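These notes concern the structure reproduced below.
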Protein chains: 2
Amino acid sequence: MKFAKIPMATINRLSIYMRTLQDLLDEDVDVISSERLAKQCGVNPAQIRKDLAYFGEFGVRGVGYRVNDLVNQIKEILGLQRPWNLAMIGLGNLGSALIRHANFVKHGYVFTAAFDVDPQKVGKRLPTGLIINHVDELEELIKERDVHVGLITTPASEAQSIANQLVLAGINGILNFAPVQIQVPDCCHVENVDFTIKLDSIAYHLSSGV
Amino acid sequence: MKFAKIPMATINRLSIYMRTLQDLLDEDVDVISSERLAKQCGVNPAQIRKDLAYFGEFGVRGVGYRVNDLVNQIKEILGLQRPWNLAMIGLGNLGSALIRHANFVKHGYVFTAAFDVDPQKVGKRLPTGLIINHVDELEELIKERDVHVGLITTPASEAQSIANQLVLAGINGILNFAPVQIQVPDCCHVENVDFTIKLDSIAYHLSSGV
DNA sequence: TCATTAATGTGAATAATCTCACATTAGCGA
DNA sequence: TCGCTAATGTGAGATTATTCACATTAATGA
């Protein structure tokens with residue numbers, strides 16, 4: 001183990017390893033080699049070992065990795081041994097669908113606030129029991145409910161303004177689903193989820209590849 | 001312009017440039033320099049020029065890029081000067097939200113088929129007018145309606161099986177929202193959209209960064 | 001106890017990607 | 001017409017990421 005800057009790609013792959021390992025646990029697999037895990041994750045075995053080597057030695061030479069242990073180690077690395085509170089901003093089609101989506105809960109994330117500007121929506125109770133608040137109350141509630149990460153699912157035109165408000169409210173992590181590049185200070189980490197970019201990439205491969 | 005392997009990262013950035021340029025068009029900006037565009041996209045100016053250089057010379061030295069022209073050039077490069085037909089497989093929360101989502105239409109994508117296994121959903125008409133079919137009819141309808149790309153929004157446990165069926169039906173592009181790594185033959189291009197991975201990455205930055 | 005085996009951990013080689021720096025050139029005005 | 005300006009296009013260099021290849025080592029069984 002060294003002290004080195006960790007590649008972003010490594011962090012993303014750790015999530016993938018973790019999920020694959022969790023599936024393996026469900027199938028009662030106790031131990032797995034980097035080779036088998038790599039095949040299942042679609043990466044190179046050495047890549048897995050290198051990725052893990054940034055953080056320590058987790059395997060047993062000649063044997064492999066104990067699945068259960070490795071899941072916990074990766075959780076520890078990623079900071080997932082604690083709950084994280086989320087706020088959804090924008091409860092249109094996408095926001096509403098995501099907040100109901102089981103995967104967030106399954107991975108230890110909890111929505112503790114939801115915001116929209118539509119007076120028709122404000123005050124409504126979501127299936128999770130959470131009540132939608134007006135965006136005007138954003139800063140106050142974010143602090144009050146100890147929100148750590150904001151998910152932006154507003155129209156693109158509103159995304160930057162919401163991001164500014166989130167930063168002012170002290171948020172350091174934003175998951176942005178709006179198809180714009182939002183600008184934030186360095187203290188805030190933004191990740192973008194953009195399916196049209198992925199679709200464009202498929203279109204490119206279909207039209208030029210064959 | 002050279003004949004070289006185009007980095008995947010370049011293709012993804014082209015989508016981002018295109019969208020930013022389209023926004024600029026709406027603001028009646030005629031011409032833009034790589035420097036200004038770069039700032040707005042959050043990349044290095046030389047990166048933009050390099051990316052474009054893979055495909056030709058699109059700028060005017062001393063002036064910059066004509067916004068309207070460049071949008072069309074990028075569309076041409078990505079293969080977006082024609083419509084692409086999509087099929088949604090899985091109409092739970094996420095699938096239903098995505099199929100209504102305006103961005104696909106805006107970028108020239110059209111849903112021509114939708115599938116689910118739930119008998120309660122089969123036969124229902126979506127707001128777009130599209131009728132939900134049973135997955136049993138997948139292969140037939142995919143061919144009949146000339147679907148080019150399949151979007152998988154089923155539970156993770158079903159994703160691989162659906163992918164297999166899509167490949168059998170002749171599909172060469174899959175956008176996978178299920179949180180598993182699906183395996184397909186080389187002829188088929190898969191892109192994954194996975195928000196929990198992005199959230200995990202934010203969690204990592206929040207817990208280790210500060 | 002000790003050789004054997006299998007799979008890790010890792011330095012070195014390779015490959016991919018990004019950035020710099022500047023030569024080049026289109027447009028513009030005198 | 002000609003020089004000046006501004007921003008492109010691009011080779012070379014720097015950086016980052018991936019893969020190889022093998023020395024290392026834990027477990028196992030004779």
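This structure is a prediction, so every number in the text was calculated from the model and none was measured. All chains are named by letter (A, B, ...) in the order of the sequence lines, taking the proteins before the strands, and each is independently numbered beginning at 1.
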From C:dT19, C:dC18, C:dT10, nucleotide with atom closest to A:Arg49 side chain: C:dT10
Closest to the B:Ala9 side chain, choosing from C:dA21, D:dA7, C:dC18: C:dC18
Side-chain N or O of A:Tyr54 closer than 4.0 Å to phosphate OP1/OP2 of D:dT18: no
Smallest separation among heavy atoms of A:Ile48 and A:Ser34, with atom names: CD1-O, 3.8 Å
B:Asn44 side-chain proximity, nearest of C:dG9, D:dT10, C:dT19: C:dT19
Phosphate OP1/OP2 of D:dA7: any B:Ser33 side-chain N/O under 4.0 Å: no
Spacing between A:Asp51 atom CG and C:dG9 atom C1', to the nearest angstrom: 13 Å
Nearest-angstrom distance from the residue atom CD1 of A:Ile11 to C1' of D:dT16: 15 Å
hbond_proxy A:Arg61 side chain to D:dT24 base (donor-acceptor, 3.5 Å cutoff): yes
Pairwise 5' ranking along DNA chain D for A:Val60 and A:Arg13, keeping only the more 5' one: A:Arg13
Sugar-phosphate, base or nothing in reach of A:Arg36, heavy atoms under 4.0 Å: nothing
Phosphate contact (C:dT17 OP1 or OP2) by B:Gln47 side-chain N/O below 4.0 Å: no
No-hydrogen, no-angle side-chain donor-acceptor test under 3.5 Å, A:Asn85 and A:Thr112: no
Presence of salt bridge, B:Lys39 and B:Glu35, under 4.0 angstrom: no
Rounded distance (Å) that lies between atom P of C:dT8 and atom CG of A:Asp69: 15 Å
Length of the line joining B:Ile48:CD1 and D:dT10:C1', which is rounded to integer Å: 16 Å
Distance-only donor-acceptor test (3.5 Å): side chain A:Lys50, base C:dT10: no
Parallel, tilted or perpendicular: ring planes of A:His205 versus B:His189, cut at 30 and 60 degrees: parallel
First encountered from the 5' end of DNA chain D, between A:Gly62 and A:Pro7: A:Pro7
A:Ser34 side chain near C:dT8 phosphate (N/O to OP1/OP2, under 4.0 Å): yes
Qualifying residue, where the test is side-chain contact (heavy atoms from CB on, under 4.5 Å) with B:Leu24 and the options are B:Val31, B:Asp30, B:Ile32, B:Asn68: B:Ile32
